[in-house]
Amino acid sequence: MTVTLRRPAVAGGPGPGHRRVRRRSNVPYLLVVPALVFYAFVVLVPTLTGAGYAFTDWAGRRGTPGFVGLDNFTELFSAPAARSALRNTLIIAVSTTVVQTLIGLALALALHSSLASRNVLRTMFFAPALLPPVIIGFLWQYILTPAGPLNDALGSVGLGGLTQNWLGDASVALASVIAVIIWQNAGLTMVIYLAGLQGVPPELHEAAAIDGAGRWQRLRNVTLPLLAPATTIALSLTLIGSLKLFDQVYVMTNGGPGYATETLSVVMYKEAFVSGRYGYSTAIALVLTMIVFAFALLQLRGLRRYEVRQ
Amino acid sequence: MTIDARSRVRRTATATLAATLTTALTACGFVNTDDSSTEDGSDDGGTVTAYVNTEQNAGLAPLVEAYQEETGTTVDISSANTDELNQQLRVQLTSGTAADLIRVSPGNSSPVAAGVLGREGELADLTDAAWTADLSDDTRALAEVDGQVLAFPVSRNAIVMAYNKQVFADAGLEVPTTWSELVAACQALADAGVTPIAAPFQGGIYFQFWVYALAATLVYPENPDIDEQLAAGETTLATNAAWGEVFARIAELRDAGFLSEGMLGLPPDQGLQSVATGESAMVLLVSAGLPQLHGYSDQGAEAFDVFALPASDDAASTHVPVAPDFLAVNGAAEDPDAALAFLEFLAQPENVEAYANEMGVLPGLDVGVSLDSATLDPIEPLLAEGRSVGYANYLWPNGDVQQTMLQSGQEWLDGAIETADLLTQMDAEYARGQS
């Protein structure tokens with residue numbers, strides 16, 4: 001049976017067959033103007049002006065900065081320190097995105113159950129995501145010092161051989177920073193997946209089980225495809241957040257030892273506010289924006305295609 | 001909608017638009033508002049605005065109160081920690097919103113240093129002030145730009161070696177006065193199971209103290225014109241033997257195992273605590289950091305003493321690096337005369353003394369001040385004999401040379417690069433700073 005719904009004619013209004021004459025009013029446009037003016041002054045003008053400074057040698061002084069063309073960008077891609085920061089940024093972004101998403105998914109699957117303590121556990125895993133990144137940085141800086149609680153704990157359980165100078169050894173410092181970021185944000189990814197799991201109809205699992213599908217097959221063929229939208233959100237947020245990572249690195253290592261954990265955001269900050277090279281710093285910001293935009297676009301397009309396929 | 005209703009909407013929209021534009025334009029400075037008068041009329045004696053760091057704010061507070069009572073002038077102080085202040089001040093100066101009195105760094109050490117701002121014409125000339133006669137040589141070298149005095153030193157800090165007296169006593173050690181004695185003392189401490197020197201080099205701040213302290217004795221007394229020679233390109237850090245010696249000294253201590261294990265991961269507070277607990281014996285720090293060190297011990301200042309870091313085997317050649325903490329008058333100050341008058345007040349000997357005693361620092365001016373605290377007594381003879389120099393980085397062309405030293409210095413400490421590589425990198429930054 002097909003039911004066709006029709007919008008009822010409004011009493012007193014034009015009925016079917018009547019041509020509706022609408023007078024266009026300027027009032028809505030006028031009402032939008034204040035917001036547009038505000039947006040222009042707060043977002044558009046600073047953004048476009050900032051982009052312009054990327055092609056100058058502006059040092060924060062009065063007067064007109066000198067135009068330097070692409071010099072700032074050439075320096076960015078040729079200076080060893082900046083290249084190292086770019087490499088570190090990409091390493092952090094890729095590793096954080098992959099590992100955090102997998103851990104978040106695993107936690108969500110484990111806690112999407114009838115476990116009595118599931119709410120307590122969910123809260124515990126999500127709690128670090130609620131803390132300010134700076135606080136997290138200070139806490140872990142203390143925990144990871146050579147004589148800190150982590151090395152003490154390893155020593156006390158007979159794993160003294162695993163103790164490290166977590167933030168002071170260039171070969172492990174970047175991995176330590178990545179681990180802290182994942183620890184803080186895995187709970188957030190978990191919450192996104194838990195929300196996605198609420199939308200997976202139990203009937204599908206039941207039907208698959210009746211058809212003889214095991215747990216792994218149900219996960220692979222029922223759950224994961226239906227979690228595609230959640231995966232899109234989780235991956236996008238994690239990737240964008242890790243590409244512009246600043247707080248934890250600045251607090252825990254200040255980019256050190258040497259340049260081992262320096263990210264583009266940290267270099268951008270130092271160039272602007274320590275060295276006063278605002279033009280160069282703006283060029284870094286512009287490149288970082290482009291990288292974030294490109295990654296986000298590629299990822300979103302890929303994931304949307306995956307969602308449609310599923 | 002009726003005509004009246006539409007009219008009301010239009011009127012409301014127009015009024016909203018007008019109010020928003022007015023607010024936006026006012027905020028952007030296109031509409032001038034007269035806010036120069038104060039409601040309570042308390043500005044009869046004028047107003048001096050000041051933007052200082054938190055340490056200066058603490059030291060100035062009682063003096064400001066006295067000055068306001070004495071003159072009726074209002075001193076309106078804002079403060080921030082030094083890093084934050086350095087970030088904001090540049091923008092404030094550029095936008096014309098900076099205070100009359102501002103805290104500036106010495107030499108060329110940051111984008112808001114006296115030398116940098118002075119050459120840009122951002123600071124008022126203080127040369128005619130009477131207190132300029134009381135500047136010590138090391139301070140004058142940093143306060144002057146092109147023959148003009150542009151900064152007032154509210155205090156000075158020195159880099160000193162603080163040590164745990166009980167640890168030294170237990171090891172039967174005397175205060176070392178030469179490099180050989182220092183190395184021998186380190187060996188004795190290491191043999192006793194104590195880390196001889198706490199080296200909290202995470203972030204690099206405490207590492208730079210070693211460079212400046214050793215350079216104060218090894219570089220400057222031998223060649224007081226080294227900065228002019230570097231600037232003229234007559235020598236470089238990499239080719240200058242004395243500068244090589246500075247890093248050789250640090251390497252000697254590192255290679256002998258006399259510095260904290262895992263030094264690049266050790267934060268400053270934990271380094272200081274290790275000295276307070278006796279786990280380590282010594283730490284090289286700025287005198288302004290002594291109260292923090294004292295705070296980590298139940299006995300307070302009694303548990304520690306200080307000495308000047310020896311760098312050679314001639315005890316008489318030891319010099320102390322000293323850094324002034326500057327205030328300057330904004331070249332575009334609204335009331336420069338009021339700002340100058342306040343500096344004159346601060347320069348009076350009793351006020352120099354009050355500030356130094358309030359903060360436990362060295363007096364900014366040589367006006368025969370007596371300090372309540374005996375903490376810095378061990379280095380007083382050196383200062384009295386003029387055996388002090390400014391920090392080495394202050395007359396480098398900008399802060400980037402120091403930044404390179406801090407970051408690449410960590411790689412050097414880790415053994416990833418050689419001394420020549422480090423100094424060459426610093427030379428490259430030096431050259432770029434001059435271009």
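Naming convention: chains lettered A, B, ... in sequence-line order (proteins, then strands); numbering from 1 in each chain.
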Where does [X] contact chain A at under 4.5 Å (heavy atoms): side chain, backbone, both or neither?
X: B:N398; value: neither
X: B:Q88; value: neither
X: B:Q92; value: neither

Top of [options] for chain A proximity - count of heavy-atom pairs under 4.5 angstrom:
options: B:G433, B:G399, B:S408, B:G203; value: B:S408
options: B:V91, B:N86, B:L93, B:L266; value: B:L93
options: B:M263, B:E261, B:Q270; value: B:Q270
options: B:T94, B:V116, B:D269, B:D83; value: B:T94

### Ring centre gap for A:W140 and A:W183 strictly below 6.0 Å
yes
### Task
Go through the side-chain N and O atoms of A:Q248 and A:Q184 and say whether any donor and acceptor fall under 3.5 Å apart.
yes
### Message
Looking only at the side chains, is there a donor atom on one of B:Q403 and B:E429 sitting less than 3.5 Å from an acceptor on the other?
### Response
no
Please look at [X] and chain B and tell me whether the side chain, the backbone, both or neither of the residue comes under 4.5 angstrom of a heavy atom of that chain.
X: A:Y142; value: both
X: A:Y29; value: neither
X: A:Q164; value: neither
X: A:A59; value: backbone

### Task
Name the orientation class of the two ring planes belonging to A:Y269 and A:F273 (parallel below 30°, tilted from 30 to 60°, perpendicular beyond 60°).
tilted
### Query
Are the side chain of B:N164 and the backbone of B:V275 linked by a donor-acceptor contact shorter than 3.5 Å?
yes
### Task
Applying side-chain contact (heavy atoms from CB on, under 4.5 Å) between A:T96 and each of A:V99, A:V94, A:I92, report the one that passes.
A:I92
### Query
Are any of the side-chain heavy atoms of A:W166 and A:T253 separated by less than 4.5 Å?
no
### Message
Measuring only between side-chain heavy atoms, which start at C-beta, is A:F67 closer than 4.5 Å to A:D57?
### Response
no
